There are 2 protein chains.
Amino acid sequence: MSPKRVTIKTIAKEVGMSIMTVSRALNNNSNVNDQTKTKVQQVAKKMGYIPNHIAKSLVQRKTFTIGVVVPEIAHSFFQEVIRGIEEIAYDAGYHIILTHSAESFQREQLCLETLLSKRVDGILLSVAETVTDFKIYKELIRLKMPMVFYDRGINDIGISTVGIDGTKAAEILTEHLIGLGYMKIAHLAGPLHLSIGANRRQGYLNALKRHKIRAKKSYIVEAGLKEKQGYEGMKKLLNQTKKNPPRAVVAVNDPSAFGAIDAIKEAGLRVPEDIAIVGFADDIRSQLIEVPLTTVRQPAYEVGKVAADKLIKHIESKTEAVEDLVLNTELIVRKSCGWSKKKN
Amino acid sequence: MSPKRVTIKTIAKEVGMSIMTVSRALNNNSNVNDQTKTKVQQVAKKMGYIPNHIAKSLVQRKTFTIGVVVPEIAHSFFQEVIRGIEEIAYDAGYHIILTHSAESFQREQLCLETLLSKRVDGILLSVAETVTDFKIYKELIRLKMPMVFYDRGINDIGISTVGIDGTKAAEILTEHLIGLGYMKIAHLAGPLHLSIGANRRQGYLNALKRHKIRAKKSYIVEAGLKEKQGYEGMKKLLNQTKKNPPRAVVAVNDPSAFGAIDAIKEAGLRVPEDIAIVGFADDIRSQLIEVPLTTVRQPAYEVGKVAADKLIKHIESKTEAVEDLVLNTELIVRKSCGWSKKKN
DNA sequence: AAAAATATTGTTAACGTTAACATAGAAGAA
DNA sequence: TTCTTCTATGTTAACGTTAACAATATTTTT
């Protein structure tokens with residue numbers, strides 16, 4: 001952008017007025033003579049003036065920019081969330097800087113540092129899987145940086161979270177299995193320090209309890225959110241329950257379920273005849289695989305919209321309440337839970 | 001972010017040195033005593049210093065930010081492109097501002113104005129469907145704003161474009177139909193002022209010509225890139241060819257094909273028995289619909305990567321050549337082209 | 001030991017804008 | 001007419017940083 005830049009200074013010289021008048025005229029600010037205003041705006045247009053938001057942001061300490069941290073950009077769930085965020089942000093006159101933590105704690109730190117340096121007005125973040133240290137979130141609170149967690153948050157830390165009721169959804173999912181007659185139900189859990197991990201496990205336990213099924217420690221394996229970890233987790237699970245293998249598995253999410261299915265097949269077992277499985281999140285692939293996966297649909301686009309909306313409220317009013325917003329989920333029954341088969 | 005901010009000035013006062021020394025120490029710049037450097041860095045950390053990129057950008061006239069304009073954020077193709085862009089940008093130390101033109105010319109103008117005002121270092125853009133006036137692109141060139149088109153570009157305007165060889169891909173697609181025995185092949189074209197529209201139509205015509213099939217004007221309808229437009233276009237096509245309806249249709253893209261399928265069904269015809277159809281782009285839905293769609297897979301993620309890479313080269317070297325980069329496509333044969341049926 | 005070179009630190013201005021206060025002129029009120 | 005109140009514009013400083021040049025202290029060379 002080399003050709004000698006046009007600034008309000010240039011315009012001021014051209015129209016023979018002070019830069020302040022030009023600034024006011026261009027911002028349609030009060031107390032500028034109508035003639036002056038029109039004149040300035042005409043000249044600005046003619047000269048090809050492009051306002052410099054950087055300078056404006058510096059003096060006003062406001063960028064109209066929202067920082068978004070996504071833990072897994074390849075996941076359709078998050079892509080839809082981004083879409084929701086963009087829509088709301090656009091309507092409110094904000095723009096978004098997109099960053100990607102790739103499920104890495106370190107990289108998440110880096111994303112946040114960048115966003116702070118770029119002086120975004122607020123941050124939307126979904127906690128990376130490998131995060132175990134919440135110091136930086138507390139620091140952000142201390143800095144009064146407006147922030148909202150979406151999908152994956154930290155409880156009782158003073159930051160609003162927008163997501164689903166994972167506990168309830170996992171409970172419904174598990175109860176669905178129980179309703180089909182399964183008694184020996186295992187759980188491939190996610191990271192328990194993340195609310196999604198803890199909640200889904202809790203929902204699983206709640207369902208068992210309600211139906212007076214004793215939870216077995218060996219039936220719960222803390223795996224992870226990725227396909228590979230689901231695979232490893234399932235292998236471990238099969239290994240430690242050889243004498244009494246489960247008849248159904250509640251996986252923490254769909255990718256994890258995909259991995260688990262691989263492990264089940266590898267062990268020479270069939271889904272759902274030998275082991276039924278249900279996932280969580282409704283990944284696009286879930287309906288495409290050989291035995292389509294029973295899962296829970298999360299309203300990704302809505303999550304993005306609501307989170308962005310809440311964040312902007314936080315940004316624009318110091319008194320906006322910190323609260324958790326819970327959106328509805330929907331049970332999607334497909335073949336992997338073996339609804340049409342005999343069970344035991 | 002209210003608590004009295006720590007700036008290099010604050011630090012300078014604390015360590016009893018000039019702000020310039022502090023600046024140098026923090027930037028690991030040459031010519032600072034090692035002791036001083038360590039001291040300053042320690043104090044900075046202790047005081048919770050957060051560099052202000054806004055101020056830095058202002059003076060250096062460089063933001064390390066890339067502006068991305070996406071025409072349809074709900075489309076999985078573009079979501080994958082974004083993923084590719086993010087990856088390359090991250091590796092090169094750039095961040096991305098994501099904007100959405102929603103296929104609207106006006107809104108695209110707005111996106112570009114914003115990006116200019118935010119002083120991004122470069123712009124990646126895929127032309128919105130309703131764009132017919134290229135003035136602003138020329139203006140960007142004049143401003144020497146580094147820029148690369150991805151997927152949808154404008155020919156011979158002096159801006160690099162990263163995409164696929166739409167002509168060739170459409171030719172292959174059409175030839176596939178011809179190879180299956182179809183002779184009466186129609187085309188639902190996209191906007192012809194966009195390269196993707198023009199190229200795909202050309203490929204369709206090339207294939208016909210090569211096989212000595214006369215192209216009929218009534219068999220070509222300029223529709224649009226969206227599902228609804230495909231629907232309307234197909235209705236029009238059926239209407240204007242009542243005496244001699246086509247046996248196969250080459251749609252400009254998958255959404256358009258979906259719409260066309262609806263129109264075909266609505267007319268009481270079957271796909272592919274009565275009318276075969278092929279799309280373009282491999283939308284995620286293409287394999288899910290009742291009669292899975294034969295289409296062309298475009299390497300979306302790769303497109304994003306290559307485009308970002310090219311843009312960064314443009315940014316970092318004034319002499320980078322303007323050129324069109326062409327990536328390979330892959331024909332995906334599914335049922336909608338009726339490969340297993342009789343044809344005429 | 002003086003001169004030259006180098007290493008380290010400091011000073012000033014600039015990036016492009018707006019906030020806050022100041023001023024001049026015009027219009028209205030007394 | 002004079003005082004007051006607007007209206008329109010101007011002046012100055014600030015936002016937080018770096019570039020360019022200046023100055024000082026230290027080391028090296030001759």
Side-chain angles (χ1 to χ4, degrees), chain A residues 1-41 43-44 47-65 114 116-121 143, chain B residues 1-41 43-44 47-65 114 116-121 143:
Chain A
M1 308 234 325
S2 357
K4 48 225 162 303
R5 307 146 164 285
V6 180
T7 71
I8 52 170
K9 221 166 170 176
T10 333
I11 300 174
K13 202 164 285 172
E14 181 73 16
V15 297
M17 310 196 126
S18 76
I19 55 172
M20 206 49 226
T21 305
V22 173
S23 170
R24 283 190 271 245
L26 292 175
N27 289 287
N28 250 316
N29 251 356
S30 54
N31 295 348
V32 198
N33 185 299
D34 275 349
Q35 272 184 310
T36 317
K37 195 187 288 181
T38 337
K39 177 80 188 289
V40 169
Q41 288 174 346
V43 172
M47 299 181 80
Y49 170 69
I50 299 165
N52 187 326
H53 277 8
I54 297 274
K56 187 170 179 170
S57 294
L58 182 60
V59 44
Q60 300 201 136
R61 297 204 178 102
K62 165 107 194 170
T63 54
F64 280 100
T65 303
T114 306
L116 283 174
S117 291
K118 295 228 176 200
R119 293 294 191 271
V120 295
D121 296 334
L143 290 169
Chain B
M1 311 237 321
S2 358
K4 50 231 160 295
R5 303 143 168 288
V6 180
T7 72
I8 52 170
K9 219 166 172 178
T10 333
I11 300 175
K13 204 164 281 171
E14 181 73 17
V15 298
M17 312 195 124
S18 78
I19 56 172
M20 207 49 226
T21 304
V22 174
S23 170
R24 284 191 270 246
L26 292 174
N27 288 287
N28 251 315
N29 251 357
S30 55
N31 296 347
V32 198
N33 187 298
D34 275 349
Q35 274 184 308
T36 317
K37 195 188 286 182
T38 337
K39 177 82 189 288
V40 168
Q41 288 174 347
V43 172
M47 299 180 82
Y49 170 69
I50 299 166
N52 187 326
H53 276 9
I54 297 276
K56 189 171 179 170
S57 294
L58 183 59
V59 45
Q60 302 203 135
R61 295 205 178 98
K62 166 104 192 170
T63 55
F64 280 100
T65 302
T114 306
L116 283 174
S117 291
K118 296 227 175 200
R119 292 293 191 269
V120 295
D121 296 333
L143 290 169

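A note on names: the letters A, B, ... follow the listed sequences, proteins ahead of strands, and every chain is numbered from 1. Here the structure is a predicted model, which means the values were calculated and not measured.
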Seminar exercise, completed: Correct closest heavy-atom pair for B/M47 and B/V6 would be O-CG2, 3.2 Å

For this session: Hey, could you give me each pair passing salt bridge (charged side-chain N to carboxylate O under 4.0 Å, His left out) that has a residue in residues 30-41 of chain B? Not counting sequence neighbours.
Result: none

Seminar exercise, completed: With B for base contact, S for sugar-phosphate-only contact and - for none (protein heavy atoms under 4.0 Å), nucleotides 16-28 of chain C reads BBBBB--------

For this session: Check side-chain contact (heavy atoms from CB on, under 4.5 Å) between A/S23 and all other residues, then give those that pass, not counting sequence neighbours.
Result: A/I8, A/M20, A/N27

For this session: Would you mind listing every salt bridge (charged side-chain N to carboxylate O under 4.0 Å, His left out) that reaches into residues 47-65 of chain B, with sequence neighbours excluded?
Result: B/K62-B/D121

For this session: For A/S18, check side-chain hydrogen bond (donor to acceptor under 3.5 Å, both in side chains) against everything at least two apart and list the hits.
Result: A/T21

For this session: Specify the angle, to 10°, made by the local axes at the two ends of the helix from C/dA1-D/dT30 to C/dA30-D/dT1 when five pairs are taken at each end.
Result: 40°

Problem set entry | Which residues share a side-chain contact (heavy atoms from CB on, under 4.5 Å) with A/N31, sequence neighbours left out | none

Problem set entry | Audit row: B/L116, B/L143, side-chain contact (heavy atoms from CB on, under 4.5 Å) steps and yes/no | CA-CA 10 Å; B/L116 283 174; B/L143 290 169; 4.3 Å; yes

Exercise. In chain order, what residues pass the ring-ring contact (aromatic ring centres under 6.0 Å, His included) check against B/F64, with sequence neighbours excluded?
Worked result: B/Y94

Exercise. Under 4.0 Å between a side-chain N/O of A/S18 and OP1 or OP2 of D/dG10, yes or no?
Worked result: yes

Problem set entry | For B/S57, side-chain contact (heavy atoms from CB on, under 4.5 Å) partners two or more places apart | A/I54, B/T63

Problem set entry | Residue pairs involving residues 8-17 of chain A (criterion side-chain hydrogen bond (donor to acceptor under 3.5 Å, both in side chains); sequence neighbours excluded) | A/T7-A/T10

Seminar exercise, completed: Contact check, residues 32-40 of chain B vs DNA chain C, heavy-atom distance under 4.0 Å, returns B/V32, B/N33, B/T36

For this session: Give the rounded distance in Å between these two atoms: CG of A/N31 and C1' of D/dT5.
Result: 13 Å

